[in-house]
There are 2 protein chains.
Amino acid sequence: MLRHADIWSAIDKVARDHNFTLSGLAKRAGLDPSAFNRSKRIGPDGRLRFPSLESLARIFDTTGTNPLDFLAQAGVVPSAGGIGARKKLPSLSISDAQLRDAFDNAGKPTGAAWDELAFPDLFDDDAYALIVNGDSLEPLYRDGNVLIVSPHAPARRGDRVILRSIVGRLVAREFVRRLPRHVEVLPLVGDNTIETMDAGGVAFVHRIVWASQ
Amino acid sequence: MLRHADIWSAIDKVARDHNFTLSGLAKRAGLDPSAFNRSKRIGPDGRLRFPSLESLARIFDTTGTNPLDFLAQAGVVPSAGGIGARKKLPSLSISDAQLRDAFDNAGKPTGAAWDELAFPDLFDDDAYALIVNGDSLEPLYRDGNVLIVSPHAPARRGDRVILRSIVGRLVAREFVRRLPRHVEVLPLVGDNTIETMDAGGVAFVHRIVWASQ
DNA sequence: GAAAAAATAGGAAAATATTCCTATTTAAAA
DNA sequence: TTTTAAATAGGAATATTTTCCTATTTTTTC
């Protein structure tokens with residue numbers, strides 16, 4: 001769980017990230033310049049040397065490194081339900097959730113039928129949120145609803161997407177397909193006829209992945 | 001950041017959580033029974049003693065405690081953007097996002113107008129997910145859409161909710177109000193007339209907070 | 001390229017954490 | 001309630017980490 005080599009290489013990384021040499025980092029932390037020498041990490045008898053908690057604390061305080069992030073860098077992975085773990089929710093289809101014993105008397109999911117679903121499972125570092133204004137997208141989206149947009153999620157037929165024109169206009173549509181010269185979409189509300197947009201006029205097509213209610 | 005007293009009290013908690021005394025935990029971890037004695041945490045000169053990383057590693061290995069959770073228990077809080085931190089997304093209204101410089105050339109949010117929004121900000125430990133079957137809730141929810149349901153989120157007029165009858169039937173509706181003998185709701189699609197349900201026949205009203213798209 | 005400074009290696013000494021051991025206190029068992 | 005076992009306190013001895021110091025290597029400065 002805490003592996004000698006990983007602890008030391010995490011220290012190496014802290015030094016690098018802050019543009020210190022090892023002796024520079026030690027000095028900055030108020031320790032002796034030889035404190036983190038690579039040559040002193042394994043003793044002459046082969047015994048592994050670990051830095052003390054006090055030395056580590058000095059590193060964290062000096063560099064502003066969070067001990068949690070340090071441990072993650074040292075290869076420690078979150079435990080299910082623990083800090084940094086992906087949130088998991090009980091999950092079941094509506095039809096199966098109508099079975100007699102899907103909920104207990106307090107209204108909580110119960111029984112073996114429920115699966116686990118990671119929420120929100122959003123891995124796109126470039127995701128952003130758009131807040132709906134007005135009522136033009138009702139009943140689908142109402143004023144104030146938050147749309148979570150994932151630029152890197154591929155847009156496939158039927159997906160709801162945000163399109164931005166090259167002059168900056170944003171519209172929400174249902175993606176149909178992309179052709180060499182056009183992008184075909186359907187409106188989300190109202191008239192259900194295909195709309196053809198000039199591919200050159202579309203700056204991007206980003207997929208909507210979640211909508212607040 | 002790593003505070004002496006917090007480290008030791010986190011060790012105390014690991015022992016308690018696993019039904020060990022301190023000496024029992026030490027023995028189990030292959031250490032001397034006096035290793036974690038409260039009497040030895042501050043020396044006679046007032047100097048604070050920290051457990052070594054090796055002793056901690058033995059505790060983690062023996063009890064299955066994740067070092068990240070241990071640190072959290074010892075009061076270490078996540079750093080913004082670091083492990084365990086709440087995910088924050090750039091956020092802007094659709095109308096403001098149509099300003100000329102809201103996105104850069106790569107289609108990423110840019111500029112001072114963008115706020116930060118914590119997503120999903122779901123704090124209800126009893127939240128669960130329901131998967132939509134069929135097309136009866138279109139255009140709002142389509143087959144396979146995931147609805148995130150938060151039982152403890154209060155249902156207010158206009159909120160979309162899941163209602164469960166006492167015989168187990170689940171329906172999705174728009175909440176209007178709760179009266180002493182009735183619950184008034186609106187259908188999410190179709191005929192826009194108020195539906196009155198007998199309060200005694202409704203097991204629960206749980207709010208839908210997010211819907212996948 | 002030479003000189004100075006910084007970084008690193010390595011060994012001894014010092015400081016700190018753990019173990020060993022004894023005694024006392026507390027909890028569990030009879 | 002008494003006896004036994006476990007837990008804890010406390011001091012000395014031992015083990016481990018850090019510091020001190022010197023030497024070598026590497027990098028930076030001129």
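Since we're looking at a predicted model, the values are computed, not measured. Numbers restart at 1 for each chain; the letters A, B, ... are given by sequence-line order, proteins then strands.
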- Which word best sums up how the rings of B:His4 and B:Trp8 line up, parallel for under 30°, tilted for 30 to 60°, or perpendicular for over 60°?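 It falls in the perpendicular class, over 60°.
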- Item | 5′-ward residue of the pair A:Thr21/A:Glu54 relative to DNA chain C |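 Closest to the 5' end, via its nearest nucleotide, is A:Thr21.
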- For B:Ala35 and B:Asp45, take the nucleotide of DNA chain C holding the closest heavy atom to each; which residue's nucleotide lies nearer the 5' end?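 Per heavy-atom nearest nucleotide, the more 5' residue is B:Asp45.
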Roughly how many Å is it from [atom1] in [X] to [atom2] in [N], rounded to a whole number?
| X | N | atom1 | atom2 | result |
| --- | --- | --- | --- | --- |
| B:Leu22 | C:dT26 | CG | P | 15 Å |
| B:Phe20 | C:dA27 | CZ | P | 19 Å |
| A:Arg41 | C:dG10 | CZ | C1' | 15 Å |
| A:Phe36 | C:dT8 | CZ | P | 12 Å |
| B:Ile42 | C:dT16 | CD1 | C1' | 15 Å |
| A:Ile11 | D:dT17 | CD1 | P | 12 Å |
| A:Asn19 | C:dA6 | CG | P | 17 Å |
| A:Lys27 | C:dT8 | NZ | C1' | 11 Å |

Looking only at side-chain atoms of [X], point me to the closest of [options].
| X | options | answer |
| --- | --- | --- |
| B:Asn37 | D:dT8, C:dA9, D:dA6 | D:dT8 |
| B:Phe50 | C:dG11, D:dT8, C:dA17 | C:dA17 |
| B:Ser34 | D:dT17, D:dT8, C:dC20 | C:dC20 |
| B:Lys40 | D:dT19, D:dG11, D:dA7 | D:dG11 |
| B:Arg38 | C:dA6, D:dA9, D:dC21 | D:dA9 |
| A:Arg47 | D:dT16, C:dC21, D:dT8 | D:dT16 |
| B:Asp32 | C:dC20, D:dA7, D:dT19 | C:dC20 |

- Query: Does a side chain donor of either A:Ser34 or A:Asn37 reach within less than 3.5 Å of an acceptor in the other side chain?
  - Reply: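 Result is no, nothing qualifies.
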- Task: Compute the centroid of each ring, for A:Phe20 and then for A:Phe36, and state whether the two points are separated by less than 6.0 Å.
- Result: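 No, too far apart.
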- Short question: side chain of B:Asn66, backbone of A:Val77 - any donor-acceptor pair under 3.5 Å?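 At least one qualifying donor-acceptor pair exists.
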- Task: Salt-bridge test for A:Asp124 and A:Arg207: reply yes if a basic N is under 4.0 Å from a carboxylate O, no otherwise.
- Result: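 No.
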- Message: Between B:Ser23 and B:Pro44, which residue's closest nucleotide on DNA chain D lies nearer the 5′ terminus?
- Response: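 Upstream on the strand: B:Ser23.
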